Amino acid sequence: MAFRKDFLWGGATAANQCEGGYDQGGRGLANVDLAPTGPDRFPVIAGEKKMFEFDDEHFYPAKEAIDMYHRYKEDIALFGEMGFKTYRLSIAWSRIFPKGDETEPNEEGLQFYEDLFKECHKYGIEPLVTITHFDCPMHLVEKYGAWRSRELVGFYENLCHVIFNRYKGLVKYWLTFNEINMILHAPFMGAGLYFEEGENKEQVKYQAAHHELVASAIATKIAHEVDPENQVGCMLAAGANYSYTCKPEDVWASRKADRENYFFIDVQSRGEYPAYALKEMERQGIEIRMEEGDLELLKEHTVDFISFSYYSSRVQSTDPKVNEQTEGNIFASIKNPYLEASEWGWQIDPLGLRITMNDIYDRYQKPLFIVENGLGAIDEPDENGYVEDDYRIDYLAAHIQAMKDAVELDGVDLMGYTTWGCIDLVSAGTGEMKKRYGFIYVDRDNEGNGTLARSKKKSFDWYKKVIATNGEDLSNH
Ligand code: P53
């Protein structure tokens, strides 16, 4: 048997992409609510276009999303039917602290997640909780400039105190920041950063990153103090960088691109700013303001496991003639001529998952957890909402096989696997509903029309079988 007996199979979602109910239960407004669909989405999530309130010209898909706020019981029952061992979800910070800087939490928000976690346990599903999945209360954005301000560390610490105590015994797996490296690529979505004219963006991003890294270490400390059973992970948007050729300059460029992302995990897992990053910051004139005790916190409270998302590998080249890019503006890279791509231009590379797992395991030697993987595709349901999604089954089977190889043939220690968007939800990159990842179809379109009814796709029963056989049977029949 390749996988551990207690291997954590499941699926993953994020609050802002599925809950909706953006103004219900006392919830405050968050950065993620204000990302519209359409051409303005990228400038907004990149912190280039200011959108601090809703306007009439745009559609904001997170407001209602797939209404999981009201339908979570039905959805968790379906996860239970598939045999999920775990369900990765995120807490919406602004449900617990609507403004972010209050001293007392919002009881209604706390109760909502308590009920949800209890619902999971009814089906033997262990919640895996992302403390922040791209969300930051808008009040913190407007009053403090979000994570550029040191004060956010204290507000995050309060949040952690409250949730670790309240959910003790209900939750034991925690992730501090979803795709912490996203701060470099989509800083408003990743960390609430909006840039003012003339600001040194790199300086702001790395200062904000320092605050998140310290906050992550403090969260790990508190989690362990509140309950020694708690296990805390970091979370990286992963995907190995390949060199386009064997030209040493290309190889070096791909190493540098890897380091840009590993930087965060180097701090969270090894507990120190890596030498290469200190040198690079020095060259770029970036100065990180630290407080006394920061370096000790980072060193003493490293993560228990490394989690990551994997959708694709990436390619680097130094040759200006090699410039054909993949689609997708957040993580665009050079096109790999050996790979096929999804309808959204994300290149499909199962072996790249095995390579990425080995890279990460070699580097940190801690248990790994794949907390996102999957295919965003256009589904065509029949009149009963059934989708024959063999393309999704093929994608997942190939990636699970690669992950099996990493475990069985390479000895990588893997705790679990949660596919992204186990139920169709709003795309983070584009805001579309049309880009679907789920085993469960949701009747809703890009403009917000539809009944929100849930129905099983072909992949539903397939994944159920994969889980029942602990990954031994990946066949599609
Ligand atoms: P969507 C880009 C590249 C890698 C991971 O993405 C990314 C993104 C954002 O587009 O984000 C993660 O929805 C993220 C999820 C997101 C998922 O990947 O654009 O953690 O919130 O939905 C898939 O297809």
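In listed order, ligands and their atoms are each counted from 1. None of the values given here were measured: they were computed from a predicted structure.
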| task | Would you mind checking which non-hydrogen protein atom is closest to atom 19 (O) of ligand 1, with the distance to 0.1 Å? | result | Gly429 N, 2.8 Å
| said: Measuring from non-hydrogen atoms of Met182 to any atom of ligand 1, is the shortest distance under 4.0 Å? | reply: yes
| Non-hydrogen atoms of Leu353 and Ile370 that approach each other most closely | CD1-CD1, 4.0 Å
| query | For Tyr242, what residues pass the side-chain hydrogen bond (donor to acceptor under 3.5 Å, both in side chains) criterion, not counting sequence neighbours? | reply | Asp349
| note | Taking only non-hydrogen atoms of Lys435 and a 4.0 Å limit, the atoms of ligand 1 in range are 1 (P), 19 (O), 24 (O)
| query | Is it the case that His70 and Gln24 place a side-chain donor and acceptor less than 3.5 Å from each other? | reply | yes
| Over 12 non-hydrogen atoms of neighbours within 6.0 angstrom of NZ in Lys99 | no
| request: May I ask you to say whether Asp266 pairs ionically with Arg259, meaning some side-chain N is under 4.0 Å from a carboxylate O? | output: no
| message | Atom CZ of residue position Arg255 - does it have more than 12 heavy atoms of other residues, nucleotides or ligands inside 6.0 Å? | response | no
| Residue and atom name of the nearest protein heavy atom (relative to atom 17 (C) of ligand 1), distance in Å to one decimal | Tyr311 OH, 3.3 Å
| field | Val171: which of Asn230, Val129, Ile163, Leu128 passes side-chain contact (heavy atoms from CB on, under 4.5 Å) | value | Val129
| What do you reckon, are the aromatic ring centroids of Phe54 and Tyr22 less than 6.0 Å apart? | yes
| task | Could you find the nearest protein heavy atom to atom 11 (O) of ligand 1 and give me its residue, atom name and distance? | result | Glu179 OE1, 3.0 Å
| request: Using distance alone, decide if ligand 1 has a nitrogen or oxygen within less than 3.5 Å of any nitrogen or oxygen in Ser427. | output: yes
| Where does the angle between the aromatic ring planes of Tyr463 and Phe84 fall among parallel (under 30°), tilted (30 to 60°) and perpendicular (over 60°)? | perpendicular
| task | For atom 6 (O) of ligand 1, state which one of Trp346, Trp420, Phe308 supplies the nearest heavy atom. | result | Trp346
| field | atom 16 (C) of ligand 1 [closest protein heavy-atom partner, distance rounded to 0.1 Å] | value | Ala428 CB, 3.7 Å
| task | Name the closest protein heavy atom to atom 4 (C) of ligand 1, giving the residue it belongs to and the distance to 0.1 Å. | result | Phe331 CD1, 3.7 Å
| Looking at atom 14 (C) of ligand 1, what's its closest protein heavy atom, distance included? | Glu372 OE1, 3.4 Å
| field | Part of Trp344 within contact of ligand 1 (heavy atoms, under 4.0 Å) | value | neither
| Residue portion contacting ligand 1 (non-hydrogen atoms closer than 4.0 Å) for Asn178 | side chain
| field | atom 9 (C) of ligand 1: the protein heavy-atom neighbour that sits closest, reported with distance to 0.1 Å | value | Ile330 CD1, 3.7 Å
| request: If you have a sec, work out which protein heavy atom is nearest atom 22 (O) of ligand 1 and how many Å separate them, to one decimal? | output: Gln17 NE2, 2.9 Å
